[in-house]
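In what follows, a structure is listed as structure tokens, so that the remarks can point back to it.
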Amino acid sequence: MAGASRPVEPTDVSGGGFSPPGIRCGNCRTAAIISRSSLHLDPLMLDPALLRSHLADTAARLRQTRGYALDVATIEALESSRKQLAMQTQELQNRRNTRSRAIGQAKGRGEDVAPLLAEVAGLGDQLKANEQALAEAQVKLAQIALGIPNLPHDSVPVGKDEADNIEVSRWGRPREFEFSVKDHVELGERHGWLDGDAGAKLSGARFTVLRGQLARLHRALGQFMLDLHTTEHGYLECNVPVVVNADSMQGTGQLPKFEEDLFATEVGETKRYLIPTAEVSLTNLVRDTIQEADALPLRLTALTLCFRAEAGSYGRDTRGMIRQHQFEKVEMVQIARADQSHAQLEEMVGHAESVLQKLGLPYRKMLLCSGDMGFTAVKTYDLEVWLPSQQTYREISSCSNCEDFQARRLQARVRNLDSGKPELVHTLNGSGLAIGRTLIAVMENNQNVDGSITVPAALRPYMNGVERIA
RNA sequence: GGAGAGGUGGCAGAGUGGUCGAAUGUACCUGACUCGAAAUCAGGCGUAGGUGAAUAGCCUACCGUGGGUUCGAAUCCCACCCUCUCCGCCA
């Protein structure tokens, strides 16, 4: 459920297939990847050192863990020309600066500056050409770098797809029904509670209308989760934009690589995107900031709508509201110091588990293998809830540690207490939980033989004490 | 939508073509004075890249963003973004 959490396909970045989308920065008309870095930062996602000093090793690790083909030769060529151009440019700038200063001083003394001017003739054009060539090399490198996925943590099992994920634990026992279970669609359609046709009429496939008691139960779930995280888990409730600019999408890694998964709006010249998860809004809050070390970890939560184009999943989960273009989710985000981020990940998974436990929903906790993890993550746990109608566990939460991968794009830093120097923070995100899927799980697991649904005790305060909806 | 003002270092605030990466104040750090503190005095105090063993020097870039003029731009020109004030409209 995390942003850009679909598996990354092997990509040859040098091949004709890779064409960077024409992203426009929210604040200007130039490509976001250029503007954000001002071309003197390395707009990379991985530590630049990994692509310079340890390129071969990095390529091997990416291939082994992610099935990702890094074009070593192209990067090496670009990097060496970039480096040479950078040094030449600096030298030219140095020459221009010293000469110009001399001209200024000579003028101040009333001397003739003509010979000095002659000396500097042509320097400007040369410098301009150099700067342009340097910018081109940097953009090319950035385009490659922005498409490289994160390297998995050592504790992550190497594997190809979801079949290689590891079950860490299970909680609760699937209920044994003495009648034949109905799925959430059948349960919901009885009273017009859940209306896919109405959703299709208004918007199209993968949109749903909820009504009556079920709409209320849906609302109750969001309130319950938000209250739990803010009062018991120490999160700061945030209300954030769900329409964001390209810089934000690039900061958390949705752009440039996953544009086709996003809904977008265009008003005049300005293109904005609908968030696929509140991870985008919450994590971007620390973009271009330097946090104080003792303020970390930051724990942020928000209940928002999420929008996903679901491109490339046309045949999957077409029935009901498992996979929607629009859904609600309570998201947890933590901004942590490097030395604490993995402990924070364990804590955050616990927060998501606590929601399921309080609702009495059986689930299992999976450690994702390297090939099944999202683009930005170094380590991900998925929580999968039991769905009686499918006799299987389905993803309902995904909690990831991105370490400094997003932070590097975001320039989100923390001041080291000892050295006083800024260092990249680590960012974590997790669903706590996806509300639509939680609603499905509550309906199916708590159904009665007459089609009514028992409201979990934890939700009754949010349902005016109602114990059963029928 | 109309009219106007403005974006400079953590904050405040100078600077309208030439040693300006940027005065000054304030905050912060170090030292002196003090039993200690306050006050006072002296010094330091941005981020990033390159080159260094170096958290030393030296070089380069950064004054909302991008582009232009110029030997030289915080300063002049153009476009855009954002903020504020007034009017209109709107939940």
Side-chain angles (χ1 to χ4, degrees), chain A residues 22-44 47-49 51-53 79-139 141-142 145 239 241 243-248 250 266-272 284 286-295 404 407-425:
Chain A
I23 312 153
R24 294 284 159 176
C25 165
N27 299 322
C28 58
R29 289 161 177 229
T30 50
I33 46 176
I34 301 173
S35 76
R36 257 207 61 65
S37 64
S38 299
L39 288 176
H40 54 272
L41 296 175
D42 288 278
L44 303 173
D47 186 341
L51 292 184
R52 291 183 183 153
S53 314
E79 172 57 19
S80 82
S81 89
R82 182 204 65 81
K83 192 162 182 174
Q84 200 193 342
L85 284 165
M87 288 169 72
Q88 282 173 3
T89 303
Q90 286 192 9
E91 201 179 311
L92 286 168
Q93 287 170 330
N94 185 4
R95 226 155 78 201
R96 177 201 62 194
N97 290 347
T98 44
R99 299 303 141 86
S100 294
R101 208 171 298 139
I103 290 171
Q105 286 166 344
K107 252 187 174 167
R109 290 191 299 266
E111 296 170 7
D112 178 23
V113 295
L116 284 167
L117 284 175
E119 198 180 321
V120 88
L123 212 166
D125 290 340
Q126 204 182 335
L127 183 56
K128 197 170 286 183
N130 247 282
E131 283 173 340
Q132 183 155 5
L134 176 61
E136 278 167 21
Q138 283 174 318
V139 167
L141 272 170
N239 190 284
V243 183
V244 302
N245 59 31
D247 277 357
S248 294
Q250 180 171 293
E266 211 157 349
V267 178
E269 296 272 314
T270 308
K271 189 166 188 181
R272 293 193 182 88
N284 269 281
V286 296
R287 191 175 78 208
D288 295 321
T289 66
I290 300 178
Q291 304 291 319
E292 291 307 322
D294 54 14
D404 62 12
R408 184 168 291 105
R409 295 184 149 199
L410 293 161
Q411 282 303 298
R413 293 173 292 174
V414 54
R415 198 170 292 286
N416 184 295
L417 278 176
D418 299 324
S419 68
K421 292 292 176 192
E423 297 171 352
L424 294 170
V425 298

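Bear in mind that the values here come from a model prediction, so they are computed numbers and not experimental data. Residue numbers start from 1 in every chain, and the chains themselves are labelled A, B, ... in the order their sequence lines are given, proteins ahead of strands.
- With rounding to whole Å, A:Gln88 atom CD is found 20 Å from B:C59 atom P.
- Put simply, NZ on A:Lys128 is 8 Å from C1' on B:G68, counting in whole angstrom units.
- A:Lys107 comes within 4.0 angstrom of a base, heavy atoms only.
- OP1 and OP2 of B:C59 both lie 4.0 Å or more from every side-chain N or O belonging to A:Asn94.
- At least one side-chain nitrogen or oxygen of A:Arg415 sits closer than 4.0 Å to the OP1 or OP2 atom of B:U47.
- Annotation: the span from A:Thr89 atom OG1 to A:Asn94 atom CG amounts to 12.5 Å, rounded to 0.5 Å.
- With C1' as the reference atom, B:A3 and B:C20 are 36 Å apart, rounded to whole Å.
- The minimum heavy-atom distance between A:Ala407 and A:Val425, with the atom names listed, is CB-O, 3.1 Å.
- Side-chain proximity of A:Lys421 to B:U51, B:C71, B:U47: nearest is B:U47.
- In this structure, B:G52 is classed as syn because its glycosidic torsion stays within 90° of zero.
- By the 4.5 Å heavy-atom criterion applied to side chains, A:Arg82 and A:Leu134 are counted as neighbours.
- Ionic pairing of A:Glu131 and A:Lys128 is not present here: no N-O contact between side-chain nitrogen and carboxylate oxygen is shorter than 4.0 angstrom.
- Comparing the P positions of B:U75 and B:G7 gives an interatomic distance of 12 Å, to the nearest angstrom.
- The gap from the P atom of B:G50 to that of B:U55 amounts to 12 Å, rounded to the nearest Å.
- Across the interface with RNA chain B, nearest-nucleotide mapping of A:Leu117 and A:Gly104 shows A:Gly104 to be the residue nearer the 5′ end.
- Atom CD in A:Gln291 sits about 14 Å away from atom P in B:G10, given to the nearest Å.
- The side-chain heavy atoms of A:Leu127 and A:Gln93, taken from C-beta on, include a pair separated by under 4.5 Å.
- Comparing B:A53 with B:A37, their C1' atoms are spaced 43 Å from each other, to the whole Å.
- Here the C1' atom of nucleotide B:A48 and the CZ atom of A:Arg409 are 19 Å apart, to the nearest Å.
- Nucleotides B:U24 and B:G9 are separated by 13 Å at their C1' atoms, to the nearest Å.
- Note on A:Arg95: nothing from the nucleic acid sits closer than 4.0 angstrom, heavy atoms only.
- Distance from the side chain of A:Asn97 is smallest to B:U60 among B:U60, B:C82, B:U47.
- The nearest whole Å value for the distance from the CD atom in A:Gln411 to the C1' atom in B:G49 is 12 Å.
- The separation of B:C45 from B:U26, taken at their C1' atoms, amounts to 13 Å, rounded to a whole angstrom.
- At B:G18, none of the side-chain N or O atoms of A:Arg109 fall inside 4.0 Å of OP1 or OP2 (strictly under the cut-off).
- Distance A:Gln138 CD to B:G50 C1': 12 Å, rounded to the nearest Å.
- Counting any heavy atom pair closer than 4.0 Å across all strands shown, A:Gln105 reaches a base atom.
- Atom CG of A:Leu123 is separated from atom C1' of B:U70 by 13 Å (rounded to the nearest Å).
- Side chain of A:Asn284 to backbone of A:Ser248: a donor-acceptor contact under 3.5 angstrom is found.
- When the nucleotides B:U60, B:G50, B:U19 are ranked by their closest atom to the side chain of A:Met87, B:G50 comes out on top.
- Nucleotides B:G13 and B:G25 are separated by 8 Å at their C1' atoms, to the nearest Å.
- For A:Gln90, there are no side chain to side chain donor-acceptor pair (under 3.5 Å) partners, not counting sequence neighbours.
- Comparing A:Arg101 and A:Thr98 along RNA chain B, the residue whose closest nucleotide (by nearest heavy atom) sits nearer the 5' end is A:Arg101.
- You'll find that the side chain of A:Gln90 is closest to B:G49, out of B:U69, B:G49, B:U51.
- Here the CD1 atom belonging to A:Ile290 is positioned 10.5 Å from the CG atom belonging to A:Leu424, to the nearest 0.5 angstrom.
- Of the C1' atoms belonging to B:C33 and B:C41, the separation is 9 Å, rounded to the nearest Å.
- When all heavy atoms of A:Glu292 and A:Val414 are compared, the closest pair comes out as C-CG2, 4.1 Å.
- Put simply, CG on A:Leu92 is 15 Å from C1' on B:G50, counting in whole angstrom units.
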Requested in this report: Map every base of RNA chain B to its dot-bracket character, where paired means a Watson-Crick or G-U wobble contact with both distances under 3.5 Å and | marks a partner outside the strand.
Outcome: ((((((((.[[[..)..(.....]]].(((((.......))))).((((((.....)))))).[[[[[..)....]]]]])))))))....
